[in-house]
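Sequential numbering from 1 along the given sequence is applied to the chain's residues.
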Amino acid sequence: MAAAVEADSEHPLARAIVREASEREVTPPRAEGFENLAGRGAHATVDGREAFVGGPRLLAELELQPPDELLAVTAGWSDAGRSVLHVIADGKILGAVSVEDEIRPESVEAVRQLHEKGLRVAMITGDAQSVADSVAKRIGIDEVAAQVLPADKADAVRRFQAGGRKVAMVGDGVNDAPALAQADVGIAIGAGTDVAVEAAGIVLVRDDPRDVAAAIELSRASYHKMIQNLVWATGYNALAIPVAAGVLAPIGFILPMSIGALAMSVSTIVVAANAQLLRGLRLRAEEGRTRGLAPTPA
C-alpha cells in the first residue's frame with residue numbers, strides 16, 4: 001500500500017519505499033489521484049481505497065492515534081534517529097515504515113571544513129526533532145530547525161539571521177527557492193531544480209557538499225586579491241601620477257613621456273599578474289592528488 005501511494009512521488013523517502021518494495025518482490029497495485037501533501041506526506045486512491053503515507057503531522061491532521069503495540073515499535077525507531085511514516089487506508093492505520101537517511105562521508109567532511117573556517121552549521125528539515133538531532137550529532141551540525149514545513153523555510157532563515165548574523169543557505173528543491181532568496185548568500189546544487197538555481201547567487205556544478213567550503217575559500221581568496229590589488233594600485237598611482245605630472249621638476253628630475261606611459265602600464269600588469277595567482281589556489285585534495293580551481297572572470 002505504501003509503495004502504491006508513493007509510486008508517483010519524487011521525494012527521496014518515497015523512492016526508498018518504492019525501491020524496498022521492489023527488492024522484496026512486492027508488486028503494488030495501481031494508484032490514482034496522487035497528491036503530494038507538503039511537509040506531511042502523500043495521498044492517493046488505491047483499489048478504490050483512500051490511502052495516505054506520512055509522518056506525525058499527517059496523523060495529527062487526520063486525528064489518528066497509533067495503537068499501543070505499534071507505538072512500542074516506532075518509539076525505538078525514533079530513538080534510533082529514523083523517520084517513521086505511517087500507512088493509512090480507510091481512516092485506519094495499517095502499519096508503519098521506518099526510513100533512515102544515509103549520511104554521506106563527504107557531508108561529515110564538509111561540516112568539518114566549514115568549522116575550520118570558523119563557521120557555524122545549521123540544518124533546516126521537515127523531519128521530527130529526534131531524527132534531526134540524531135543526524136546533527138553524527139555529522140557535527142551546531143543548530144537544528146526541525147519539523148519545518150517547506151513554506152516556512154524562509155522564516156527559519158530569518159530566525160538564523162537574527163542579531164545581524166550572515167546566513168548562507170544551501171538547497172536544491174523548489175521549496176528551497178524562497179529560503180535561498182532570503183539568505184544573505186544562496187547556494188544551489190547544480191543538479192537541483194531550475195527554480196532553486198535561479199534563486200541562488202552561487203550554483204555548485206557537482207552534487208557534493210564539500211564544494212560549499214570550496215566556494216567560500218575561493219570567495220575569500222578573491223576578496224583578498226581585490227584588497228591587495230586595490231592597495232597596490234592606489235599606492236603606486238599616488239606616487240607615479242605626481243612624478244609624471246612634473247612634481248620633481250624643481251629638483252631637475254623630469255620623467256620622459258615615453259617612460260611615463262610605460263610606468264603607468266606597470267600597475268595594470270602587476271594587478272593582472274597578481275589575479276592570475278588564484279589559478280594556483282588548492283581547494284580540494286581528492287584521490288591522492290591536489291586539484292586547483294581557476295576562477296572565471298565575471
* Structure fact -> Residues Ala179 and Val157: closest non-hydrogen pair is CB-CG2, 3.8 Å
* Does a side-chain N-to-carboxylate-O contact under 4.0 Å join Lys92 and Glu50? -> no
* Asked: Are Val212 and Val185 joined in one hydrophobic group, where the rule is that I, L, V, M, F, W and Y side chains link up if heavy atoms are under 4.5 Å apart?
  -> yes
* Asked: When rounded to the nearest 0.5 angstrom, what is the spacing between CG in Leu281 and NZ in Lys225?
  -> 9.5 Å
* Structure fact -> Closest non-hydrogen atoms of Pro66 and Leu71, given as atom of the first, atom of the second and distance, are O-CD1, 3.7 Å
* To do: Evaluate the side chain to side chain contact (heavy atoms under 4.5 Å, CB included) criterion for residues Arg82 and Val99: first the C-alpha distance (whole Å), next the side-chain angles of each, then the deciding distance (0.1 Å), finally the verdict.
  => CA-CA 6 Å; Arg82 302 174 186 173; Val99 185; over 6 Å; no
* **Side-chain heavy atoms of Met169 within contact of Ile187, under 4.5 Å** => no
* **Check: Asp142 side chain, Arg120 main-chain N or O, donor-acceptor pair, under 3.5 Å** => no
* Asked: Taking all non-hydrogen atoms of both residues, which atom of Gly140 and which atom of Val111 are closest, and how far apart?
  -> O-CG1, 3.6 Å
* To do: State yes or no: do Val97 and Ile88 share one hydrophobic cluster built from I, L, V, M, F, W and Y residues joined by side-chain heavy-atom distances below 4.5 Å, directly or via other members?
  => no
* Asked: Can you hop from Ile17 to Leu70 via hydrophobic side chains spaced under 4.5 Å?
  -> no
* Structure fact -> Correct closest heavy-atom pair for Asp184 and Arg165 would be OD2-O, 3.8 Å
* Does NZ belonging to Lys117 count more than 12 external heavy atoms closer than 6.0 Å? -> yes
* Asked: CD/Glu109 to CZ/Arg210 distance, rounded to the nearest 0.5 angstrom?
  -> 6.5 Å
* Gap between atom CD of Glu6 and atom CG of Asn36 - 0.5 Å precision -> 8.5 Å
* Could you tell me whether a side-chain N or O of Arg15 sits under 3.5 Å from a main-chain N or O of Ser9, the two making a donor and an acceptor? => yes
* To do: Group every Ile, Leu, Val, Met, Phe, Trp and Tyr by side-chain heavy-atom contacts under 4.5 Å, then state whether Met123 and Leu149 land in the same group.
  => no
* **Arg159/Asp152 ion pair, N-O < 4.0 Å** => no
* Could you check if a side-chain atom of Val5 sits within less than 4.5 angstrom of a side-chain atom of Phe52, using non-hydrogen atoms only? => no
* Asp207 vs Arg104 side-chain heavy atoms within contact, under 4.5 Å -> yes
* What's the spacing between Gln147 CD and Arg57 CZ if we round to 0.5 Å? -> 5.5 Å
* **Spacing of CD1 belonging to Ile216 relative to CG belonging to Leu119, to within rounding of 0.5 Å** => 5.0 Å
* **Carboxylate-amine/guanidinium contact Arg49 Asp47, below 4.0 Å** => no
* Pairwise side-chain contact, His43 with Phe34, heavy-atom cut-off 4.5 Å (strictly under) -> no
* Do the side chains of Val170 and Ile189 get nearer than 4.5 Å, heavy atoms only? -> yes
* Asked: Between Glu116 and Arg112, is there a salt bridge with N-O shorter than 4.0 Å?
  -> yes
* Go through the side-chain N and O atoms of Gln161 and Gln182 and say whether any donor and acceptor fall under 3.5 Å apart. => yes
Listed pairs under 3.5 Å, donor-acceptor, residues 24-32 side chains, sequence neighbours left out:
from: Arg24; atom 1: NE; to: Glu20; atom 2: OE2; distance (Å): 2.8
from: Arg24; atom 1: NH2; to: Glu20; atom 2: OE2; distance (Å): 3.3

* Is there a path from Val46 to Leu94 through hydrophobic residues (I, L, V, M, F, W, Y) whose side chains come within less than 4.5 Å of each other? -> yes
* Asked: What's the shortest heavy-atom distance between Gly171 and Asp176, and which atoms?
  -> CA-OD2, 3.5 Å
* How far apart are the closest heavy atoms of Val144 and Ala136, and which atoms are they? -> CG2-CB, 3.5 Å
* Structure fact -> The reported gap from CD in Glu35 to OG1 in Thr45 (rounded to nearest 0.5 angstrom) is 10.0 Å
* **Stepwise side chain to side chain contact (heavy atoms under 4.5 Å, CB included) check, Phe160 with Ile124** => CA-CA 10 Å; Phe160 286 127; Ile124 303 175; 3.8 Å; yes
* Asked: Any side-chain heavy atom of Leu58 sitting closer than 4.5 Å to one from His86?
  -> no
* Asked: Is a side-chain N or O of Ser222 found less than 3.5 angstrom from the main chain of Leu218, in a donor-acceptor match?
  -> yes
* Do the side chains of Leu59 and Gln65 get nearer than 4.5 Å, heavy atoms only? -> no
* To do: Please examine the side chains of Gln228 and Asn274, heavy atoms only from C-beta on, and report whether any two atoms are closer than 4.5 Å.
  => yes
